[in-house]
Amino acid sequence: METVNFVEKFIIYIEDHLRERIDYDNVLDGMGVEPKSFITIFTSLVGMTPYEYQTRRKMTEIAHELQAGHLRLIDIVKFYGYRDIDSFKIAYLEAFGISPYETEKHFDALDLQERISFEVVPVDRPKYPARNAYMDGFRIIGFVRNFSLENYRSGMKYDFLAYLEENDVLNELLRYNDGSIKGIILHERYVDGGMELTVGVSSTLASPFEETYTESSEFVIFESTGAPAEAAADIYRYIFRRWRFKEEKDLNCNFSIEILKSRNDFVSGHSKVQVWQALYQDL
């Protein structure tokens with residue numbers, strides 16, 4: 001797909017269906033687009049998943065309605081498809097941290113999401129060290145979680161990582177890290193109508209953990225340092241907003257690999273972060 005134009009068109013689609021429950025899996029399938037690839041690109045360009053964008057835009061429109069004061073709360077609740085006022089109040093509190101009745105008082109301080117626009121600028125000079133490498137498919141052992149597309153959020157992989165770190169299992173995983181890739185691996189792909197996330201290590205050893213295998217591919221490996229979630233997100237923004245328009249590479253976004261190298265804190269500490277961006281092979 002021509003990424004920027006498609007994302008812009010999909011934003012229009014979301015704007016036209018803000019009040020509906022969008023089945024992203026079916027919509028993308030009908031468009032002939034691989035969901036994982038699209039979500040990676042959309043998130044990198046927009047800064048959030050399509051579902052997050054829809055939710056934030058809907059709440060912003062509701063905040064504008066409440067601030068204007070032209071409609072009763074019950075009418076707004078019905079118009080935007082909430083079951084009842086209580087369920088809406090809970091959703092509004094989660095979105096903005098206040099009651100709907102406090103909107104006018106705190107409106108200027110609300111974290112509103114207006115309709116997105118983004119700038120795409122071809123890169124002049126490299127922002128991150130990058131190298132090309134071919135890698136045969138390799139085995140990852142670790143922990144696996146599955147999410148539906150509509151519930152998947154951009155920060156879930158790092159929430160899962162934080163949970164594993166809090167339960168002191170990452171160091172246990174690293175004991176099995178005898179494979180060619182050193183460090184904690186976050187491997188994301190689309191499987192059976194949803195997103196599969198694996199946090200693990202490259203290993204050839206027998207283990208009590210779940211396992212998956214990566215695709216063989218030519219990769220461009222980008223590297224940075226910092227808090228992993230922020231560093232990885234910035235690399236992806238760089239790839240899709242700048243780097244790819246200069247390099248004109250045919251990117252394979254059907255899966256993603258991030259590798260974290262740290263001596264202690266993998267979640268909030270200062271780590272070496274690698275994003276392995278796969279390329280389609282020339283036939």
> Transitively linked via ILVMFWY side-chain contacts under 4.5 Å: Trp276 with Tyr236?
Replying inline: no
> Can a donor-acceptor pair be found between the side chains of Glu258 and Tyr158 at a distance below 3.5 Å?
Replying inline: yes
>> Taking side-chain hydrogen bond (donor to acceptor under 3.5 Å, both in side chains) as the definition, give me every residue that meets it alongside Asp29, ordered by chain and number, with sequence neighbours left out.
In response: none
> So which pairs with a foot in residues 80-89 pass side-chain hydrogen bond (donor to acceptor under 3.5 Å, both in side chains), sequence neighbours left out?
Replying inline: Asp84-Ser87
>> Taking Tyr176 as the starting point, is it possible to reach Ile259 by hopping between hydrophobic residues whose side chains are less than 4.5 Å apart?
In response: no
Residues 131-139, side-chain donor-acceptor partners within the protein, below 3.5 Å, at least two apart:
{"residue": "Tyr134", "atom": "OH", "partner": "Asp136", "partner atom": "OD1", "Å": "3.4"}
{"residue": "Arg139", "atom": "NE", "partner": "Glu211", "partner atom": "OE1", "Å": "2.7"}
{"residue": "Arg139", "atom": "NH1", "partner": "Ser203", "partner atom": "O", "Å": "3.0"}
{"residue": "Arg139", "atom": "NH1", "partner": "Leu205", "partner atom": "O", "Å": "2.9"}
{"residue": "Arg139", "atom": "NH2", "partner": "Leu205", "partner atom": "O", "Å": "3.1"}
{"residue": "Arg139", "atom": "NH2", "partner": "Glu211", "partner atom": "OE1", "Å": "3.3"}

>> With side-chain hydrogen bond (donor to acceptor under 3.5 Å, both in side chains) as the test, pick out the partner of Arg189 among Thr212, Thr214, Thr198.
In response: Thr212
>> Minimum heavy-atom separation for Lys272 and Thr225, please, with both atom names.
In response: CA-CG2, 4.1 Å
>> Is there a continuous path of hydrophobic side-chain contacts, each under 4.5 Å between heavy atoms, that joins Ile181 to Phe209?
In response: no
>> Can you pull out every salt bridge (charged side-chain N to carboxylate O under 4.0 Å, His left out) where at least one residue sits in residues 170-186? Sequence neighbours excluded, please.
In response: Glu172-Arg175
> When Ile, Leu, Val, Met, Phe, Trp and Tyr are grouped by side-chain heavy atoms lying under 4.5 Å apart, directly or through other members, which residues fall in the same group as Val144?
Replying inline: none
>> Can you confirm if the NZ or CZ of Arg153 lies within 45° of the ring axis of Tyr51 and under 6.0 Å from the centre of its six-membered ring?
In response: no
>> Between Tyr190 and Asp25, is there a side-chain donor-acceptor contact under 3.5 Å, judged purely by atom types and distance?
In response: yes
> Is it true that Ile221 and Ile235 fall in one hydrophobic cluster, defined by side-chain heavy atoms closer than 4.5 Å?
Replying inline: no
>> Per the side-chain hydrogen bond (donor to acceptor under 3.5 Å, both in side chains) rule, what does the pair list look like for residues 92-101, sequence neighbours excluded?
In response: Tyr92-Thr103
> What salt bridge (charged side-chain N to carboxylate O under 4.0 Å, His left out) pairs are there with at least one residue in residues 56-71, not counting sequence neighbours?
Replying inline: Glu15-Arg57, Arg56-Asp111, Arg57-Glu61
> Around atom OH of Tyr13, are there more than 12 heavy atoms of other residues, nucleotides or ligands at under 6.0 Å?
Replying inline: yes
>> Just to verify, what does Phe222 make a ring pair (Phe, Tyr, Trp, His ring centres under 6.0 Å) with, not counting sequence neighbours?
In response: Trp243
> At their closest point, which heavy atom of Met48 faces which heavy atom of Tyr53, and how far apart are they?
Replying inline: SD-CA, 3.5 Å
>> With no hydrogens and no angle check, just 3.5 Å: does a side-chain donor-acceptor pair link Gln113 and Thr60?
In response: no
>> Test question: given the 4.5 Å side-chain rule for I, L, V, M, F, W and Y, name all other residues clustered with Ile12, or answer none.
In response: none
> Can you list the residues that meet the side-chain hydrogen bond (donor to acceptor under 3.5 Å, both in side chains) rule with Ser216, with sequence neighbours excluded?
Replying inline: none
>> Quick check against the 3.5 Å criterion: does Ser217 have a side-chain atom that pairs as donor or acceptor with the backbone of Phe219?
In response: no
> With Asp75, which residues qualify under salt bridge (Lys or Arg N to Asp or Glu O under 4.0 Å), at least two apart?
Replying inline: Arg72
> How about Tyr152 and Glu52: does a side-chain donor come under 3.5 Å of a side-chain acceptor?
Replying inline: no
>> Show me the pairs that pass salt bridge (charged side-chain N to carboxylate O under 4.0 Å, His left out) and involve residues 220-233, at least two apart or across chains.
In response: none
> Side chains of His106 and Gln67: is there a donor and an acceptor less than 3.5 Å apart?
Replying inline: no
> What is the minimum heavy-atom distance between Phe38 and Pro50, and which atoms define it?
Replying inline: CE2-CG, 3.7 Å
